[in-house]
Every structure is written in structure tokens, then in C-alpha cells.
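Predicted, not measured: the structure shown is a model, and the values here were computed from it. In what follows, chains are A, B, ... by sequence order, proteins preceding strands, each numbered from 1.
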2 protein chains.
Amino acid sequence: MNPIAIKVACSNCNLRELCMPLGLNQDELDRIDSLVAVRRKIKRGATLFRNGETFTALYAIRTGFFKTSITTEDGRDQVTGFQMAGEIIGLDGIVNDHHTCDAVALEDAEVCEMPFERIEELSREVNALQRHVHKIMSREIVREHGVMLLLGSMRAEERLAAFLLNLVQRLHARGFSALELVLRMTREEIGSYLGLKLETVSRTFSKFVEDGIVEVKQRHIRILDTEALKRIVNQQTQACL
Amino acid sequence: MNPIAIKVACSNCNLRELCMPLGLNQDELDRIDSLVAVRRKIKRGATLFRNGETFTALYAIRTGFFKTSITTEDGRDQVTGFQMAGEIIGLDGIVNDHHTCDAVALEDAEVCEMPFERIEELSREVNALQRHVHKIMSREIVREHGVMLLLGSMRAEERLAAFLLNLVQRLHARGFSALELVLRMTREEIGSYLGLKLETVSRTFSKFVEDGIVEVKQRHIRILDTEALKRIVNQQTQACL
DNA sequence: CGTCGAGTTGAGATCAGTCAATGACGGTGG
DNA sequence: CCACCGTCATTGACTGATCTCAACTCGACG
């Protein structure tokens, strides 16, 4: 136990600039603290919510790493995103009052459960929160546009390069290295997200290693040449010249 | 001119059950009428908004048909959606106060411009509107999950079949035939949306014609066997048996 | 130390892409 | 009214990226 009891509240959560609106006054901060009904711990491999379950709350990830995926009746599986600390999951559930995807922890995780009723109530009163909720949803829409571009028009190398750059960029924003990362997901999960088979993901990693762009030791990745990755993502540009 | 002047208002718009919340009282209805700042006519081929432009409003489509697309610096283009009457576009602009995609009319169109400031203001007061805005954004997120599944794991025939079924279903909900439709977009635009080249789209149409599933006369499509299309979308199921 | 899941690598198959020729339609101007 | 042009669509032949199937390796864990 920590000798100094840290108040468990958004207002002094070190992730607040990631998942909360900025520029709130003390009163507003206090009210937002009340948004979080409970903290919930999720073991690696456990699901936070599942397709079909009733939607009641959004979740802010405090620690850990999640994937969200949809499954068709015929067993096809599509990973729709990987989420890390400070990100919000559950937005898919709003439209029909139940979730349409599964959220699975890829490592032990802790989330803040925020009942959506409370969010709506409070965002009627705190404009910054209202705006914030809108922005979070809009951001997700824009992110998915980017994934559509990736899936619709990029080749395997470009997809993987874009994926790695996106991951390190997000990790970097959270204080981690911009050159090293540990993948929390399998090659198959990466492949599912990127619309590739796991063998293709593996081969593409190997190609990057051959080219001296990254070092790969299992799930530990070290980026040796960020610029090369960026060039790969935009390689079409080169080809057009 | 229509001898009886029809008040131009959401409350008696024949699309209201598509783009407005249900179960409002008269007062709420009146206030929502005030959401629409102006109607705007967009000629075929013209853009409603463009990547980079300042975001100020959402648009409800009254008539016509739009595509939204993103373009990378290197000229790659990805159609992110096709929108028809009753649907809302512009959600991508909320997060950064400017649009991140282009919206182009594929036929002469008319939209209701709803300043986002007004929407936020009013949705603080009218709970049903707040809920409605959230649902619209969530629906878009869920739709994009579906597109990710399509792009990430379906083959050409499955993609086109899913696309056709989706289109007729939406058209049917608007009172059009469930078996006939006129495509407002080129093969290239369909291909961009589905992550295929235009030749593949064309060939796949031809295959469907050969198989007696549809009739194709340029952009005029008649569906002869809806069940076959559904089977194609789920063909994985068959293969798994 | 053996087992199991995850990852790598190879060889061959396949689906979609590329390049190119041709055809259909609609609008324009003589 | 018709010829011409441009855009869109179709089709064929060939190419190539990714998938599939299969063998093998690695590392974690009981």
C-alpha cells in the first residue's frame, strides 16, 4: 500500500490530459470525478464487454491494452482497433443500446467505468464535457477513415509500416520510447486488423529486418529507421515521380 | 410554385423519421426547426465541403446522393462512404474543427445546414436531441466497423454483394424498390469504396449477370436473386461445413 | 524434458491488379 | 440530324502480391 493515500479521481489522474477535457474549473472537475462509477480490473484474455451485451457505460482505459473485434456468424473475425491507456472504448454500443463488438484485454488492465447516462446528464451541464464527448466520437470516425484507406489501398509493407508508426506515436505520447515497443498482440491479431494473414505479417516483419529498418525479437520491436518506415507508407509518392 | 406553401421545416419534412429524434413534443419540434440555418443546393459534381475547410456545421441530406472521400498527399483516394437522403454528413470535422474528407454530390442535391454550435446548444436542452446526436455518431462508427470487416476479410464477390444489399436496403427504407436501383457512382468509385480496382468491379458485375443473380444495364441494376447475394456474402459459412 | 502456442519460412495456388483494346452512351457543335 | 469526342464500362491476356498448406523453430511453462 502506498503510504500516502492517492485520491482515486480523474482530477488527479495522470491520464487526464488524454481522456478529459482541458480548462475546467474546480467545480467542473469535481463533478467530472463523479463520472467514474467504478474501477474495474480486467485480466489478460478477459473481455470487458461482448457483442450483444447491453450497453450501459463507456470505459476509459487506465492501464493495459485492449483489442476490439467483431465476429460474423460464419466465424470470420475482424479486429477493429487496439486501445491503450487514456483511450475510450464502448462507443459502438450507443446506437442500439448494446455492444456490437468484443473488447478483450491483451494484458492485465484497469478501466474506469463511466455510466453513459451520467455522461449525458453531465455533458448537458458542462459544455467542455459535451464538446469532449463529441470530439472523442468524431476522432474515432476519423481514425476509422484512416483504417479504411489502409485496408482499401495499401500493400502489406505499407500497412505494417503505418501500423508500427501509429503504435509508437501513441506510445510516445504516453511517455514511452519512440523507437522501441513491445507488441501486446499476436501476428494473427495484427493481421486481422491490417487485413492480412499472419504469415504475411511475419514475412513483412522479416523483410523489414533484412532491410535494416527494424529489429524484431518476438514481440519486441526496435525501430532502426523511422524515416524508412515513413517512406514506405508514402512509397506511392516515389513511384509517381 | 406549389399553391399551398409548404413550410420548410424539419417538423413536416418527410425525412424526419430518418434524421430526427422521435417522440418530441411541439415545443421541442419548434426548437429543432430552428436548427436548420439554411438549405443549400449542390450541383452534381460540386463539393459540399472539402478536406481542410473549417468545420462549422453538419448537413442533413434532403435530396440527392453524396460520396465522401479522403485523399492522401500522394494522390491515393479512398471513398469512405456514400450518403443518401436522410443521412447526416460532416461528423469527421468535429474533432479538429476542420473537415478531413471531401463531400461531393453525385447528383444534384439539397442539404439542410445545421450549425454545430446550435446543435450543441440545443442538445443541452432537448435530451432526445442529445441522445440522437450520440446515436448518429455511434451508428457511423458501427458502420465503419462493418466496412473494415468487408475490406479486411472479404473477397471481391462478397464485397460487391454486400455493397448491393446495403444499397437496396437503404433505398428500400426510403420507399424505393428493393430489387432495382440506379447507381449514382462510377465503377471506379465503387471500387475505391470496396478496395477493388474498377476492372474487378466490372468483372464481378459480369459474373453476377452470368450467374443470373442480377441484370446490369450500365448503372441500372435489377436484382434477380436476393438470396443468392446473401449467400455470397456468407459464403464462408458454406465453405466451413 | 515434453508439450503447446506462437512465429518463421518455403513452395505452389489463386485472386485481384495491370495494361491494353474495344464498346456504349451522352453531350456538343457543325 | 448526325458525326465526333470524352467519359465510363467491358473484356482479355498476363503479372504479381498475398493466401494456403505444410514443415520447422523457438520459447514459455508445467
Side-chain angles (χ1 to χ4, degrees), chain A residues 44-45 67 75-79 104 106-107 150-161 163-164 182-211 214-221 232 235-236 239-240, chain B residues 43-45 67 75-79 104 106-108 150-164 181-211 214-221 232 235-236 239-240:
Chain A
R44 175 157 172 272
K67 71 166 177 182
R76 243 182 300 200
D77 210 80
Q78 173 74 33
V79 171
V104 177
L106 296 181
E107 58 181 6
L150 181 145
L151 291 171
S153 73
M154 291 188 176
R155 297 174 325 96
E157 290 180 34
E158 305 176 77
R159 295 184 197 194
L160 191 61
F163 174 71
L164 288 176
V182 177
L183 299 172
R184 303 273 111 127
M185 69 296 276
T186 66
R187 302 288 190 261
E188 185 167 20
E189 287 162 334
I190 297 173
S192 172
Y193 184 57
L194 299 180
L196 302 169
K197 293 295 161 186
L198 67 94
E199 294 94 330
T200 305
V201 174
S202 182
R203 270 186 250 274
T204 309
F205 268 127
S206 302
K207 170 122 195 335
F208 286 173
V209 171
E210 267 176 51
D211 297 350
V214 301
E215 269 176 29
V216 177
K217 268 206 204 96
Q218 300 294 120
R219 298 194 180 179
H220 198 106
I221 311 285
I232 288 170
Q235 77 179 196
Q236 209 80 348
C240 287
Chain B
K43 279 265 164 236
R44 175 157 173 271
K67 70 167 177 182
R76 241 181 301 200
D77 212 78
Q78 173 74 33
V79 171
V104 177
L106 297 181
E107 57 180 7
D108 290 357
L150 181 145
L151 291 172
S153 73
M154 291 186 175
R155 296 177 322 96
E157 288 180 35
E158 305 176 77
R159 296 185 196 193
L160 190 62
F163 173 72
L164 288 176
L181 69 158
V182 177
L183 300 172
R184 302 287 134 156
M185 69 296 275
T186 66
R187 301 290 190 259
E188 185 167 21
E189 287 161 336
I190 296 172
S192 172
Y193 184 55
L194 299 180
L196 301 170
K197 293 294 162 185
L198 69 95
E199 294 94 330
T200 305
V201 174
S202 183
R203 268 187 253 275
T204 308
F205 268 126
S206 300
K207 171 122 193 340
F208 287 173
V209 172
E210 268 176 49
D211 296 350
V214 301
E215 270 176 29
V216 177
K217 268 207 205 94
Q218 300 294 121
R219 299 196 179 178
H220 199 105
I221 311 285
I232 288 172
Q235 77 180 195
Q236 209 80 347
C240 286

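Nucleotide dA17(D) holds its P atom 17 Å from the CE atom of M154(A), rounded to whole Å. Atom NE2 of H220(B) and atom C1' of dC25(C) are 16 Å apart (whole Å). Atom NZ in K217(A) sits about 10 Å away from atom P in dG27(D), given to the nearest Å. A straight line from NZ of K197(B) to P of dC15(C) spans 19 Å, rounded to a whole angstrom. Rounded to whole Å, atom C1' of dA9(D) lies 9 Å from atom CZ of R219(B). As rounded to whole Å, 15 Å separates atom C1' of dG7(C) from atom CE of M185(A). Distance, L160(A) CG to dG7(C) P: 13 Å, rounded to whole Å. The CG-C1' distance, from L151(A) to dT18(D), rounds to 14 Å in whole Å.
Residue S206(B) places at least one side-chain N or O closer than 4.0 Å to OP1 or OP2 of dT11(D). At dT8(C), one or more side-chain N or O atoms of R187(A) fall inside 4.0 Å of OP1 or OP2 (strictly under the cut-off). In this model, the phosphate group of dT8(C) is approached by a side-chain N or O of S202(A) to a distance below 4.0 Å at OP1 or OP2. Side-chain N/O atoms of T186(B) include none lying less than 4.0 angstrom from OP1 or OP2 on dT7(D).
At a cut-off of 3.5 angstrom, the base of dG10(C) holds at least one donor-acceptor pair with the side chain of R203(A). Judged by distance alone, with hydrogens and angles left aside, E199(A) brings a side-chain donor or acceptor within reach of the base of dC21(D), the pair sitting under 3.5 Å.
The residues R44(B) and D108(B) are annotated as not salt-bridged, no charged nitrogen and carboxylate oxygen being separated by less than 4.0 angstrom.
Side-chain atoms of S202(A) never come within 3.5 Å of backbone atoms of L198(A) as a donor-acceptor pair (strictly under, hydrogens ignored).
Counted within 6.0 Å of CD on E107(A), heavy atoms from surrounding residues, nucleotides or ligands total more than 12; the atom is thus considered enclosed.
Applying the salt bridge (Lys or Arg N to Asp or Glu O under 4.0 Å) test to every pair with at least one member in residues 191-208 of chain B, sequence neighbours left out, gives these pairs: E157(B)-K207(B), K207(B)-D211(B).
Residue L196(A) has its side chain nearest to dT18(D) when only dT18(D), dG7(C), dA16(C) are considered.
Counting non-hydrogen atoms under 4.0 angstrom, G195(B) reaches the backbone sugars and phosphates but no base.
Residues L198(A) and Q218(A) each lie close to DNA chain D; by heavy-atom proximity, the contact nearer the 5' end of the strand is made by L198(A).
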### Task
Could you give me the CA-CA distance, side-chain angles and deciding distance for F205(A) and R187(A), then say whether side-chain contact (heavy atoms from CB on, under 4.5 Å) is met?
CA-CA 10 Å; F205(A) 268 127; R187(A) 302 288 190 261; 3.7 Å; yes
